[in-house]
Amino acid sequence: SVYLLASFPRPPTVPIIHTSLAHLLSSSLSWNVYPEDLYIRGAYANLPLGRVWYWLIGPEDGQHIVLIHGLSIPAIVWKDVAPVLASRGYHVLLYDLYGCGYSDAPQVTYDTTLHTTQLVLLMQCVKWDNA
């Protein structure tokens, strides 16, 4: 009988998965591109499926507008739109969807129910009845 022993130069490593930008090292270049203070009055909302990063900008007595980004780019996509709306008197809520930007990435199915529930809970958190 012939036996063959094989060894690998080093054991495989488990990749580090960052569930949101908030978990990156402070030296990460992502902080320069999309800083938490991109818009004023940013905060985390602790929702049942994880933390959600949001901003409220513009006068509090203004008409409420919610800006929701697409699935590929977080709320930075509104960097040229949100300040203009705020300067025109609107009270703007923008946030990172679950799994994007600074919001947590829960291990659930990502579908319209998840995103609708996230918005409803976030609006309750900021005490908005409608937008």
Side-chain angles (χ1 to χ4, degrees):
S1 295
V2 174
Y3 295 96
L4 179 62
L5 294 174
S7 68
F8 295 97
R10 62 186 113 90
T13 58
V14 177
I16 297 171
I17 299 174
H18 298 286
T19 56
S20 78
L21 290 176
H23 296 104
L24 293 177
L25 297 174
S26 60
S27 60
S28 173
L29 294 178
S30 295
W31 291 102
N32 296 332
V33 175
Y34 185 27
E36 275 183 325
D37 62 356
L38 179 66
Y39 309 103
I40 59 170
R41 293 176 38 209
Y44 281 104
N46 292 310
L47 303 183
L49 291 176
R51 293 184 336 155
V52 173
W53 184 251
Y54 70 94
W55 298 267
L56 284 170
I57 63 173
E60 291 184 18
D61 62 346
Q63 183 178 352
H64 295 169
I65 293 181
V66 178
L67 299 178
I68 305 169
H69 63 80
L71 297 178
S72 61
I73 300 176
I76 192 174
V77 73
W78 301 114
K79 70 179 175 58
D80 295 327
V81 175
V84 171
L85 290 170
S87 73
R88 293 185 180 170
Y90 293 98
H91 197 195
V92 182
L93 168 64
L94 53 151
Y95 64 101
D96 287 330
L97 291 170
Y98 282 128
C100 296
Y102 292 99
S103 292
D104 286 343
Q107 297 297 308
V108 296
T109 301
Y110 284 68
D111 57 14
T112 54
T113 300
L114 174 71
H115 295 302
T116 303
T117 302
Q118 179 187 13
L119 175 58
V120 168
L121 291 172
L122 181 58
M123 287 180 65
Q124 287 177 354
C125 180
V126 300
K127 298 178 177 31
W128 282 18
D129 294 327
N130 55 52

Looking only at heavy atoms, which two atoms of [X] and [Y] are closest? And how far apart?
X	Y	answer
V92	A86	CG2-N, 4.1 Å
A45	L122	CB-CD1, 3.7 Å
S103	S20	O-CB, 3.1 Å
A75	Y95	CB-O, 3.7 Å

Are side-chain heavy atoms of [X] and [Y] found at a separation under 4.5 Å?
X	Y	answer
V52	Y98	yes
Q118	L49	no
D96	W55	yes
W128	L56	yes

When the side chains of residues 106-113 are checked against the rest of the protein, which donor-acceptor pairs come out under 3.5 Å, sequence neighbours left out?
from, atom 1, to, atom 2, distance (Å)
Y110, OH, P106, O, 2.9
D111, OD1, T113, N, 3.3
D111, OD1, L114, N, 2.9

Quiz item: To the nearest 0.5 Å, what is the distance between CH2 (W53) and CG (L38)?
Solution: 11.0 Å
Quiz prompt | Interatomic distance, L85 atom CG to D80 atom CG [nearest 0.5 angstrom] | solution = 11.5 Å
Practice problem: Given side-chain contact (heavy atoms from CB on, under 4.5 Å), test L71 with H115 step by step and report yes or no. | Solution: CA-CA 11 Å; L71 297 178; H115 295 302; 4.2 Å; yes
Quiz item: Between Y39 (side chain) and K79 (backbone), is there a donor-acceptor pair under 3.5 Å?
Solution: yes
Would you tabulate the side-chain donor-acceptor contacts of residues 63-70 under 3.5 Å, counting partners in other chains and residues two or more places apart, or write 'none'?
from, atom 1, to, atom 2, distance (Å)
H64, ND1, N130, O, 3.2
H69, ND1, I73, O, 2.9
H69, NE2, L97, N, 2.9

Are [X] and [Y] connected, step by step, through hydrophobic side chains (Ile, Leu, Val, Met, Phe, Trp, Tyr) whose heavy atoms are closer than 4.5 Å?
X	Y	result
V126	Y90	no
V77	V81	yes
Y44	L47	no
Y54	I57	no

